[in-house]
Structures are given as C-alpha cells and as structure tokens.
Chemist: 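Please find one structure pasted underneath; my questions will follow.
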Amino acid sequence: MRLIFELSKEDFKGYKLPDLDVERVDIENIVGKDYVRKELNINAVPENEVVRHYTNLSHKNYSVDTNFFPLGSCTMKYNPRINEEVASIKSLTDVHPMAPEEFIQGSLKLMFMLKELLKELGGFHDVCLHPAAGAHGELTGILLIYAYHKDRGNVNKKKVLIPDSAHGTNPATASMGGFKVVPVKSNKKGQIDMDDFYKKLDDDTACLMITNPNTLGIFEENIVDIAEELHKRDALLYMDGANFNALIGLFQPGKWGVDVMHFNLHKTFSTPHGGGGPGSGPIGVSERLSPYLPVPSVEFDGEKYYLDWDRPKSVGKVISFYGHYGVFIKALAYILYYGRDLEKVAKYSVLNARLLKHMLKGVFKDPYPDSPCLHEFVLSAVNLLKYDIRAIDVAKRLLDYGFYAPTVYFPLIVREALMIEPTETETLQTIKSFAKALKNIVKEARENPEIVKNAPHKTPVRRIKEAEANRNLRVTFKDLFNKE
Ligand SMILES: *Cc1c(COP(=O)(O)O)cnc(C)c1O
C-alpha cells in the first residue's frame, strides 16, 4: 500500500516521527523548498482485512441510528433520511459560493424559504441564517444588542442578566461580547425568581438571556412580564432557543417580546450532531434589532432572489459566505415534510418526557415536584449517595444496559443532576425499557453497589478522565507528534 503525504519541514523540527512499518522512504522536494513529500511503502493489507477493521470500528459507534439517546438539552431525535437525500442532490451540492446570482436562483430561493418559515415559526420580524451553531447565534445576538445600545448612545449598558440555570454558553457569550454577567436566582418552581430579577434589573442592564423552556425543562411563566419590564428600561430580551422542540408550531417567542433568539437547526430541525456534522444557529430578531443584522441577507423583489448588502448599521459578517447551506437544506426538507404537523413534534416530545418522568416517580428525587416538565426533565440522584453512588455512576452503568447516558451534573443548580430528553421520535417500548433499566440500576445500587461503581463493564473503553481534554487541551499537529 502506498501512502503519500506532504508536510512542511518546519512541522518536523525537533519532533520524533511515529514508527511506521516502512520499507522505503523517498524524500524529495516537490512544492518548492519548504515542503517534503514522503512516500511510504507499507506492507500490503488485504482488502477484506481493511474492510473488516473499519466495519468493526463503526460497530463500536453509538448513535441515534443504533439506539436511544436521552442526552438532555441536545434533542437527539431521529434524523429522517429524506433530509440527507435532498441535501445530497448534485445541483445543490455543486453550487459555487461565488456563482453569480442569476445562476443560483434556486439556491437563493431555498434560503429565502427557510428564512420566511423560521420567521413564521418564531414570530420574528426578520431572520438571519448565518450563525454556524447555537453558541455562534448567541454571539451574533449579543453583538446586535451591543450595536443597538451603542447606536442609541446607551453607554452605561454593561450588564447582562442570566438565570443560574443557564447553559454555560450564555455567560461565556455575554463576556465575549464585553458585558458583565449578573446571575439571577431560580425559585422553588425552577423558574426565574422575579424578586431577584427586579433587584438585579437597573438602567445599566443591556439584556437578559433566558432559555424557555429552561434547562430544567420547565416553562418560564413570567416571560411576557420579563420582556415588558426589560423594555421599560430600554433593555432587551435574548432567548436561547435550544429547547424550541417543546414549542414548535405552538408558540412564537417573538410574540412574547423576545428581541433575539437562536434556533439550533441541528437540534429542533433534525440534522445529525455531536460529532455527526456541522450545525447551524440562525437568529430571529424583533424590529428593533433588524437594522444591525449581519450581511448579506437573501431577499426577493417579486421577480428574482438576490443578496442584499445594503444594511448600513449592520454588525458586518459573522461567517464566510452565507452559513451552513447543507444544514439549511435538511431543515427546510424537514419543515416541508411535516408541514402543519410540526406542532405534533412539540406535543409528542412533551408527552414522551412526561410519560418517562411519570415512570421514574420515586426512583430518583424530583427537585421541582410542583412544575410539570415540557420536553425534558431533570432528576437528582442524591438518593443514591447513601450507597456511595453518584449520578456519573448511574450514567456509566446505563451504557452496560445498551443506552446512552443522560446529561449529568447540568444544570448546576440541581445536585447529582440527571437531565433526560427522550424526544418525540421514541416509541413507548423504548421508553419503558429505559425506565426499567434505570429502576434496575437503583436496585443494583442498593444491593450490589460495586457493579454500578465500576461500570461500564461491557464497553470497549472503561472509565475515562472526563475532563482531561478540557483541562489539558492537545489539538495541534505538534502536540500529537510530541507525545513520546
Ligand atoms: C445546545 C445548547 C446551546 C449551544 O448550542 P450549540 O449549537 O451546541 O452551539 C446553548 N444553550 C442550550 C440550552 C443548549 O442546549
């Protein structure tokens, strides 16, 4: 087998090359003097061995296509294959991003349609498709809010209020935007504590970032009042739309007074994610913020579609070209496929979550028994601490039962949190067997805690250092070769 690769000489300086089964190494200058070309003659491997190797590796993957994926906040629903089929149509994949507008009317129409549908679903004045993911949508939204206040001469607006149940990207985004993060407490119902909100809200408040339903899967009942109070002080309302699955087709956040919200197309609108491909985080905005949207937008003049760069107050560009076009196609296919039935996505996702939560009554502690859940719920594994078992152990043991783990230790306000989101695409059968597995694990914790504590037993890899990759980030070429 012949392996050819090109590397800069600089890349190798001082690093040891990995050991390969090499018969012959030719080094020759081919692309100017800065590059070397290496040809490695590796002992031939029969094709069937290669196929078996990769097929066996692929079988070690866990995915929505193989099993239930209750990872809370991530909306790991089934991604219908029709999306992939449509997104791989050659006349859509082979369009050059710099092609003249008159040649790409179909592609522009597709983006325009998606924009109009998201406007309608979210109840917004305008939508920008550009952001590459939810967190990028947050950043774009925060840039708009910054531009809005700057434009109005609101120089003191330095604070962003964020509930303590929020996803970590919210405070990260606000501080990236140069704002000071002010946490707002949650109350016993798992919602924003209004007294604390009034206490923290002042004339220096630029905006509040809320998630609705919030990360506990609980609906923020006071959202309309919150929007009104903010607007009285010329502060704005950002809504994290990651949980839009619970609302789609039923509620339009724009009508609640939300000024900007990101959609996670890869969550609500069914695109593979979590190592499965790129995402997309379009934002919907109120009339107030629309002058500041990134350029260009896709417009229609009654005859043809075109890219509009004429937005003098725009924050500029946030991505190369127009965003993740392939994800747009999948989202559009999904929306058109469901049509008005989209509201069933929301209804069934809530039904499945409530059913599963009901089946787990008494198995784990319910930290907010007075608040019904929407599309996901958070339970607490504190009842297992007396057996020296923690949420992480339950999550690991689930892998032995053939299930992916729920999200654990998030949101931060729930001790030993297990955050479970079944999504609308799971059957009663699956939900029942998942509940049964969790009940079994609690029984094991009581009777044979070691088996839970040392789980997983059946996976290719056992316990790993969960935070190693975050704490000791090694992602560059040099790092890989530096490993002695
Ligand atoms: C997923 C998620 C985000 C971030 O979205 P990405 O698309 O992963 O960048 C933000 N907030 C909440 C509540 C989420 O669940």
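Throughout, numbering of the chain's residues begins at 1 and tracks the sequence. First listed ligand is number 1; within each ligand, the first listed atom is number 1.
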Chemist: Just to verify, what does His125 make a side-chain contact (heavy atoms from CB on, under 4.5 Å) with, not counting sequence neighbours?
Modeler: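 Partners of His125 under the side-chain contact (heavy atoms from CB on, under 4.5 Å) test: Glu287, Ser290.
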
Chemist: Less than 4.0 angstrom from a charged side-chain N to a carboxylate O is my criterion; do Lys232 and Glu229 meet it?
Modeler: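 Answer for the salt bridge query: yes.
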
Chemist: Between Lys77 and Tyr334, do the side chains contain a donor N or O and an acceptor N or O under 3.5 Å apart?
Modeler: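 Present: a donor and an acceptor within the cut-off.
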
Chemist: Between CG of Leu355 and CD of Glu426, what distance do you get to the nearest 0.5 Å?
Modeler: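 Those atoms lie 12.0 Å apart.
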
Chemist: Show me a pair-per-line table, with atom names and distances to 0.1 Å, of protein N or O atoms that are under 3.5 Å from an N or O of ligand 1.
Modeler:
{"unit_1": "ligand 1", "atom_1": "5 (O)", "unit_2": "Asn264", "atom_2": "ND2", "d": "3.0"}
{"unit_1": "ligand 1", "atom_1": "7 (O)", "unit_2": "Gly134", "atom_2": "N", "d": "2.8"}
{"unit_1": "ligand 1", "atom_1": "7 (O)", "unit_2": "Asn264", "atom_2": "ND2", "d": "3.0"}
{"unit_1": "ligand 1", "atom_1": "7 (O)", "unit_2": "His266", "atom_2": "NE2", "d": "2.7"}
{"unit_1": "ligand 1", "atom_1": "9 (O)", "unit_2": "Gly134", "atom_2": "N", "d": "3.3"}
{"unit_1": "ligand 1", "atom_1": "9 (O)", "unit_2": "Ala135", "atom_2": "N", "d": "2.8"}
{"unit_1": "ligand 1", "atom_1": "11 (N)", "unit_2": "His167", "atom_2": "ND1", "d": "3.4"}
{"unit_1": "ligand 1", "atom_1": "11 (N)", "unit_2": "Asp240", "atom_2": "OD1", "d": "3.4"}
{"unit_1": "ligand 1", "atom_1": "11 (N)", "unit_2": "Asp240", "atom_2": "OD2", "d": "2.6"}
{"unit_1": "ligand 1", "atom_1": "15 (O)", "unit_2": "Ser73", "atom_2": "O", "d": "2.9"}
{"unit_1": "ligand 1", "atom_1": "15 (O)", "unit_2": "Ser73", "atom_2": "OG", "d": "2.6"}
{"unit_1": "ligand 1", "atom_1": "15 (O)", "unit_2": "Lys267", "atom_2": "NZ", "d": "2.8"}

Chemist: Mind telling me whether Phe68 and Phe434 have parallel, tilted or perpendicular rings, with 30° and 60° as the class edges?
Modeler: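 The arrangement is perpendicular - the two ring planes meet at more than 60°.
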
Chemist: For Lys188, is the NZ atom crowded, meaning more than 12 foreign heavy atoms sit under 6.0 Å from it?
Modeler: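 At most 12 heavy atoms, drawn from other residues, nucleotides or ligands, come within 6.0 Å of this atom.
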
